[in-house]
> 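Here it is, the structure, as C-alpha cells.
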Amino acid sequence: MVINSIVKRHNRLNPFTEAQINVIRAATKLFLQNGYTKTTFKMIEQDSGVKVGNITYYFHSKEELLKVLIEEIMDFHATMLEHIQQTDGDNLFAYAMEITAQIALCENNQNAWDLYFSSYNYPQTYEVIKLWAAEKNYNLFRDRLPEWTEHDFKAVEEVASGIELAALKSVCDRSFTLEKKISLFLDSLLMLYKVSEDERKRVIEKVLALDYAETGRKMFEKFIKRLDKSE
C-alpha cells in the first residue's frame, strides 16, 4: 500500500521521515485489513521493518497512528460532502448522505466499524472528529442558523458526536433494521440543527430511496484508492 495522499497532505505542515512513512504505511494497511483493535505494534514492526522501540519513539501510542489515518478519512469525507453539494445543491441532503454512508459502511464492514468505533472512543481521535464536524456543520448550516456562532456549533457537536457514537454501538437485527437505524439517527441529528419536521422527513425519505449500503461500500473503496493517489 502506498500512502501518497497522507504524505502529501502532511508535508504541507511537518514532513515525515522515511521511517515514519514506512510505519504509517504499515499501520494504515493493517488497520484497514485487520481492524484497529487487532493490529499490534509487533505486526506493524514486521510489516514496516522498523523496530518497535523506534516506532514508539515516533508515535508514542497506537492511537497516534490512528489519528494520522482519521485525519485523512475526515479530509476524504469533506471531499465527499463537497461533491454531493456540487451535484445535488442540497446541503441537508449532503449532511444526511455523508452520515448515512458511514452508518451503512460500518454495519456491513467489520474492519471499517472497528476503525470508526475506535476513533470515537479515544480522546485524540475523538477530538479530531468533533473539531472537523463542527467546522463542517458551521459551513453547511450557518445560513440557516445566522444567530449561531462557531462556538454554538462546537457545543452542539458535543451532543451530535455522542449520537453518532450511539449509532456505532447499536446493532441492527430483524426488528431494528438498518433503514430504521438510519431514519432514527438522522432525525435526531437534524433536530439538533433546528431542521423542521417536514424537511427532516423529506431528506430522510430522499436518502432511504437510494442504495445507501452500496454508497457506503463505494465510499470506502474510493478512500482506499485515494491513499495511493500520487497527484
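Positions are given from 1 along the sequence.
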> Locate the shortest heavy-atom distance separating Leu105 from Gly216; write the atom from each residue and the value.
CD1-O, 3.7 Å
> What is the minimum heavy-atom distance between Ala101 and Thr215, and which atoms define it?
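The pair with the smallest heavy-atom distance is CB-CG2, 4.2 Å.
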> Which residue pairs satisfy the ring pair (Phe, Tyr, Trp, His ring centres under 6.0 Å) criterion with at least one member in residues 34-54, sequence neighbours excluded?
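Output for this query lists Phe31-Tyr36, Tyr36-Tyr122.
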> Applying the 4.5 Å side-chain criterion to the ILVMFWY set and letting contacts propagate, would Leu210 and Met80 be lumped into a single cluster?
yes
> Any chance you could measure Glu127, atom CD, to Ile70, atom CD1, to the nearest 0.5 Å?
14.0 Å
> How long is the straight-line distance from CG of Leu208 back to OG of Ser183, given to the nearest 0.5 Å?
6.0 Å
> Using a 3.5 Å distance criterion without hydrogens, assess whether the side chain of Thr125 forms a donor-acceptor pair with backbone atoms of Ser119.
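Confirmed, Thr125 side chain pairs with Ser119 backbone.
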> To check you understand the geometry: which heavy-atom pair defines the closest contact between Asp47 and Ala26, and what is its length?
OD1-CB, 3.4 Å
> Would you mind checking if Glu71 and Lys67 are paired as a salt bridge, meaning a charged N to carboxylate O distance below 4.0 Å?
yes
> Same cluster or not: are Leu131 and Leu81 linked, directly or through other Ile, Leu, Val, Met, Phe, Trp or Tyr residues, by side-chain heavy atoms under 4.5 angstrom apart?
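Result: no, two separate clusters.
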> Which residue pairs satisfy the salt bridge (Lys or Arg N to Asp or Glu O under 4.0 Å) criterion with at least one member in residues 88-103, sequence neighbours excluded?
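Passing the test, one end in residues 88-103: Asp88-Lys206, Asp90-Arg202, Asp90-Lys206, Glu98-Lys136.
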> Please evaluate residues Tyr116 and Gln102 with respect to the criterion side-chain hydrogen bond (donor to acceptor under 3.5 Å, both in side chains), reporting the C-alpha separation (whole Å), side-chain torsions for both, the decisive distance (0.1 Å), and the verdict.
CA-CA 9 Å; Tyr116 280 93; Gln102 180 179 313; 4.6 Å; no
> Leu115 versus Leu66: any side-chain heavy-atom pair under 4.5 Å?
yes
> Distance-only, no hydrogens or angles: does the Thr56 side chain make a donor-acceptor pair with backbone N or O of Gly53 under 3.5 Å?
yes
> Hey, could you give me the CG/NZ distance between Asn34 and Lys29, rounded to the nearest 0.5 Å?
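Going from CG on Asn34 over to NZ on Lys29, the span is 9.0 Å.
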> Excluding sequence neighbours, so at least two apart, what forms side-chain contact (heavy atoms from CB on, under 4.5 Å) with Glu150?
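Glu150: side-chain contact (heavy atoms from CB on, under 4.5 Å) contacts with Tyr138.
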> If you take all heavy atoms of Ser118 and Asp114, which pair is closest and at what distance?
OG-O, 2.7 Å
> Is the shortest heavy-atom distance from the side chain of Asp152 to the side chain of Val156 under 4.5 Å?
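No - every pair of side-chain heavy atoms lies 4.5 Å or more apart.
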> Evaluate Tyr212 against Leu178 for side chain to side chain contact (heavy atoms under 4.5 Å, CB included), listing each step before the verdict.
CA-CA 10 Å; Tyr212 42 82; Leu178 180 55; 3.7 Å; yes
> Quick one: salt bridge (charged side-chain N to carboxylate O under 4.0 Å, His left out) partners of Glu158, sequence neighbours excluded?
Lys130
> Can you tell me if Tyr57 has over 12 outside heavy atoms packed within less than 6.0 Å of its OH?
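Not more than 12 within 6.0 Å, no.
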> Who are the ring pair (Phe, Tyr, Trp, His ring centres under 6.0 Å) partners of Phe223, not counting sequence neighbours?
Phe76
> We want to know whether Gln85 and Asn91 form a side-chain donor-acceptor pair, criterion being a heavy-atom distance below 3.5 angstrom.
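Gln85 vs Asn91: donor-acceptor pair found between side chains.
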> Do Ile21 and Val52 belong together in a cluster built from hydrophobic side chains that touch within less than 4.5 Å?
yes
> Check the pair Lys194, Glu199 against salt bridge (charged side-chain N to carboxylate O under 4.0 Å, His left out), reporting the backbone distance first and the verdict last.
CA-CA 10 Å; Lys194 302 186 183 298; Glu199 284 188 293; over 6 Å; no
> Taking side-chain contact (heavy atoms from CB on, under 4.5 Å) as the definition, give me every residue that meets it alongside Ser175, ordered by chain and number, with sequence neighbours left out.
Asp173
> Do Asp211 and Arg217 meet the salt-bridge criterion of a basic N to acidic O distance under 4.0 Å?
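Looking at Asp211 together with Arg217, the answer is no, because their closest N to O distance does not fall below 4.0 Å.
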> Restricting to side chain to side chain donor-acceptor pair (under 3.5 Å), what partner residues turn up for Lys42, sequence neighbours left out?
Glu45
> Can you name the closest pair of heavy atoms from Met74 and Trp132 and give their distance?
O-NE1, 3.2 Å
> Verify, without hydrogens or angle tests, whether Ser170 (side chain) and Ala166 (backbone) share a donor-acceptor contact under 3.5 angstrom.
yes
> Taking side-chain contact (heavy atoms from CB on, under 4.5 Å) as the test, write out the residues that go with Phe117, two or more places apart.
Trp113, Asn121, Leu165, Leu168, Lys169
> Mark yes when over 12 heavy atoms from residues, nucleotides or ligands other than Glu197 sit less than 6.0 Å from its CD; otherwise mark no.
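Atom CD in Glu197 is not packed in, count stays at 12 or less.
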> Which atoms form the tightest heavy-atom contact between Lys62 and Thr39, and what is the distance?
NZ-O, 2.6 Å
> Using the test side-chain contact (heavy atoms from CB on, under 4.5 Å), find all partners of Glu82 that sit at least two apart in sequence or belong to another chain.
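Partners of Glu82 under the side-chain contact (heavy atoms from CB on, under 4.5 Å) test: Gln86.
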> Donor-acceptor pair, His83 side chain versus Thr79 backbone, under 3.5 Å?
no
> I'd like to know whether the aromatic ring centres of Phe141 and Tyr95 sit less than 6.0 Å apart in this structure.
yes
> So does Gln124 get a backbone contact from the side chain of Glu63, meaning a donor-acceptor N/O pair under 3.5 Å?
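Looks like yes, one N/O pair under 3.5 Å.
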> Taking the side chain as every heavy atom from C-beta outward, state whether Lys38 and Asn111 have any pair of such atoms under 4.5 Å apart.
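In short, these two side chains do not touch, never coming nearer than 4.5 Å.
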> Are side-chain heavy atoms of Leu32 and Thr28 found at a separation under 4.5 Å?
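The answer is yes, as the side chains (C-beta and beyond) meet within the 4.5 Å cut-off.
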> Look up atom CE in Met219 and atom OG1 in Thr100, then write down how far apart they are to the nearest 0.5 Å.
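Answer rounded to 0.5 Å: 10.5 Å.
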> Could you walk me through whether Leu69 and Leu65 pass the side chain to side chain contact (heavy atoms under 4.5 Å, CB included) check?
CA-CA 7 Å; Leu69 182 56; Leu65 284 165; over 6 Å; no
> About how many Å separate CG of Asn109 and CD of Glu221, when rounded to the nearest 0.5 Å?
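One finds 10.0 Å between CD of Glu221 and CG of Asn109.
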> How would you list, by chain and number, every residue that makes a salt bridge (charged side-chain N to carboxylate O under 4.0 Å, His left out) with Glu107, sequence neighbours excluded?
Lys181
> Using 0.5 Å steps for rounding, measure from the CD1 atom of Ile163 to the CD atom of Glu157.
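Separation between the atoms: 9.5 Å.
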> Is it true that the side chains of Ser161 and Tyr126 contain a donor and an acceptor less than 3.5 Å apart?
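A donor-acceptor contact under 3.5 Å links the two side chains.
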> Would you mind writing out the side-chain donor-acceptor pairs for residues 185-193 within the sub-3.5 Å range, not counting sequence neighbours?
residue : atom : partner : partner atom : Å
Asp187  : OD1  : Arg200  : NE           : 2.6
Ser188  : OG   : Leu184  : O            : 3.0
Tyr193  : OH   : Asn137  : ND2          : 3.0

> Between Arg226 and Asp75, does the side chain to side chain contact (heavy atoms under 4.5 Å, CB included) criterion hold? Intermediate values first, please.
CA-CA 11 Å; Arg226 167 179 149 138; Asp75 195 60; 2.6 Å; yes
> Mind checking what makes ring pair (Phe, Tyr, Trp, His ring centres under 6.0 Å) contact with Tyr58, not counting sequence neighbours?
none
